[in-house]
Amino acid sequence: MTQDTSGDWGSYVVNEVIPEVTDRFEADSHRVAIGGISMGGFGAYDLALQNPGRFCAVGGHSPALWLQGADTAPGAFDDAEDFERNDVIGTVRATPGALGSIPIWNDAGSEDPFLISDVALDEALEAGGADLTAQTWPGGHERAYWDRHWSAYLHFYADALKRCKRSDYRSGWTSSSSSAARAPR
């Protein structure tokens, strides 16, 4: 992961957040899916690309993706080099199988300003034979749109995690505590 001016968010999620969540909820650390809305969707794809073999599924819900660095929102990336290192669409175009064989979800509203980029990602993923579920539903880049689709999102992740086999993935997350030493919550 790259270091940006706001901190190394990717390492924080991978090395601290995920292990804490799997510990706290006694979840199977070998069966983890990641997804997000808007810039969180970008982040989910970026983390899945940066950590091949670690996730059972990845989803972007109206992901904030750009076709080129010059089009990005101010502050989204540190500079052109940061965009290039984390260019989700460019990475998948260059290496169509970059996300492996995991189930991938990508959706956007028909009025979403990121729709053209989200469709470009769909096309790149399809070119690589990805296990892709792509949806374009009526709506914009807004909470009302996402609220209408929570059920579909949750079904996607539940099905992907149910089908995920521990042996399919390299390893679980490093835990900061063992289950034997876990304090009651």
Side-chain angles (χ1 to χ4, degrees), residues 4 6 9-10 13-14 17-18 21 25 27 31-52 54-77 82-164:
D4 65 36
S6 62
W9 68 270
V13 170
V14 169
V17 174
I18 292 172
V21 170
F25 295 101
R31 293 181 349 150
V32 175
I34 190 165
I37 293 172
S38 191
M39 199 63 180
F42 155 79
Y45 290 137
D46 194 45
L47 288 177
L49 288 167
Q50 300 284 338
N51 295 276
R54 288 298 205 120
F55 298 101
C56 294
V58 62
H61 314 293
S62 305
L65 300 173
W66 292 272
L67 295 171
Q68 56 189 9
D71 296 336
T72 65
F77 297 91
D82 186 36
F83 175 80
E84 290 298 318
R85 282 190 302 272
N86 298 285
D87 179 2
V88 170
I89 297 169
T91 299
V92 174
R93 282 179 172 164
T95 309
L99 287 168
S101 61
I102 64 172
I104 303 164
W105 176 283
N106 195 41
D107 75 275
S110 57
E111 303 301 316
D112 193 313
F114 293 104
L115 180 61
I116 191 166
S117 298
D118 296 342
V119 169
L121 178 63
D122 293 343
E123 292 169 352
L125 289 165
E126 289 168 349
D131 181 0
L132 173 66
T133 300
Q135 299 286 344
T136 302
W137 288 308
H141 196 84
E142 61 199 7
R143 182 182 189 134
Y145 169 84
W146 303 309
D147 284 349
R148 286 192 301 272
H149 303 293
W150 278 114
S151 177
Y153 302 159
L154 294 175
H155 279 101
F156 166 77
Y157 293 112
D159 289 346
L161 288 169
K162 184 172 29 173
R163 294 185 319 216
C164 184

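With rounding to the nearest 0.5 angstrom, the CG atom of Asp159 is 11.0 Å from the CG atom of Leu154. Put simply, CD1 on Ile18 and CZ on Phe55 are 4.0 Å apart, with the number rounded to the nearest 0.5 Å. Atom CG in Asp87 sits 11.0 Å away from atom CG in Asp82 (nearest 0.5 Å). We find the CG-CG distance between Leu121 and Leu65 to be 6.0 Å, quoted to the nearest 0.5 Å. Annotation: the span from Thr136 atom OG1 to Glu111 atom CD amounts to 11.0 Å, rounded to 0.5 Å. Within the model, atoms CZ of Phe156 and CD of Gln135 stand 11.0 Å from one another, a figure rounded to the nearest 0.5 Å.
Listed here is the closest heavy atom pair of Pro52 and Leu49: CD-O, 3.6 Å. The two residues Ala120 and Arg93 have their closest heavy-atom pair at CB-NH2, 3.6 Å. The two residues Thr72 and Gly69 make their nearest non-hydrogen contact at OG1-O, 3.0 Å. In terms of heavy-atom proximity, Ser62 sits nearest to Trp146 at OG-NE1, 2.7 Å. Scanning both residues, Ser110 and Leu115, for their nearest heavy atoms gives O-CD2, 3.7 Å. Pairing each heavy atom of Ala33 with each of Tyr157, the nearest pair is CB-CD2, 3.8 Å.
Taking the side chain as every heavy atom from C-beta outward, Trp9 and Val17 never approach each other to under 4.5 Å.
Ala152 pairs by the side-chain contact (heavy atoms from CB on, under 4.5 Å) definition with Trp105, Trp137, not counting sequence neighbours. Among residues two or more places apart in sequence or in another chain, the side-chain contact (heavy atoms from CB on, under 4.5 Å) test is passed with Thr95 by Ala98. Evaluation of the ring-ring contact (aromatic ring centres under 6.0 Å, His included) rule for Phe114 yields Trp66, His141 as partners, not counting sequence neighbours. Remark: Gln68 engages Asp71 in a side chain to side chain donor-acceptor pair (under 3.5 Å) (not counting sequence neighbours).
Atom CG of Leu67 is surrounded by more than 12 heavy atoms from other residues, nucleotides or ligands within 6.0 Å.
Ring-plane geometry between Tyr153 and His149 is classed as tilted, the angle between the planes lying from 30 to 60 degrees on a 0 to 90 degree scale.
Of the possible donor and acceptor atoms, one in the side chain of Arg148 sits under 3.5 Å from a partner among the backbone N and O of Pro138. No side-chain donor-acceptor contact under 3.5 Å links Asn51 to the backbone of Arg54. Counting only distance, with no hydrogens or angles, the side chain of Arg31 and the backbone of Leu161 share a donor-acceptor pair below 3.5 Å.
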How far apart are the C-alpha atoms of Tyr45 and Val92, what are their side-chain angles, what is the distance that settles it, and do they pass the side-chain contact (heavy atoms from CB on, under 4.5 Å) test?
-> CA-CA 10 Å; Tyr45 290 137; Val92 174; over 6 Å; no
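Applying the side chain to side chain donor-acceptor pair (under 3.5 Å) test to pairs two or more places apart or on separate chains, those with a residue in residues 114-133 are Asn106-Asp122.
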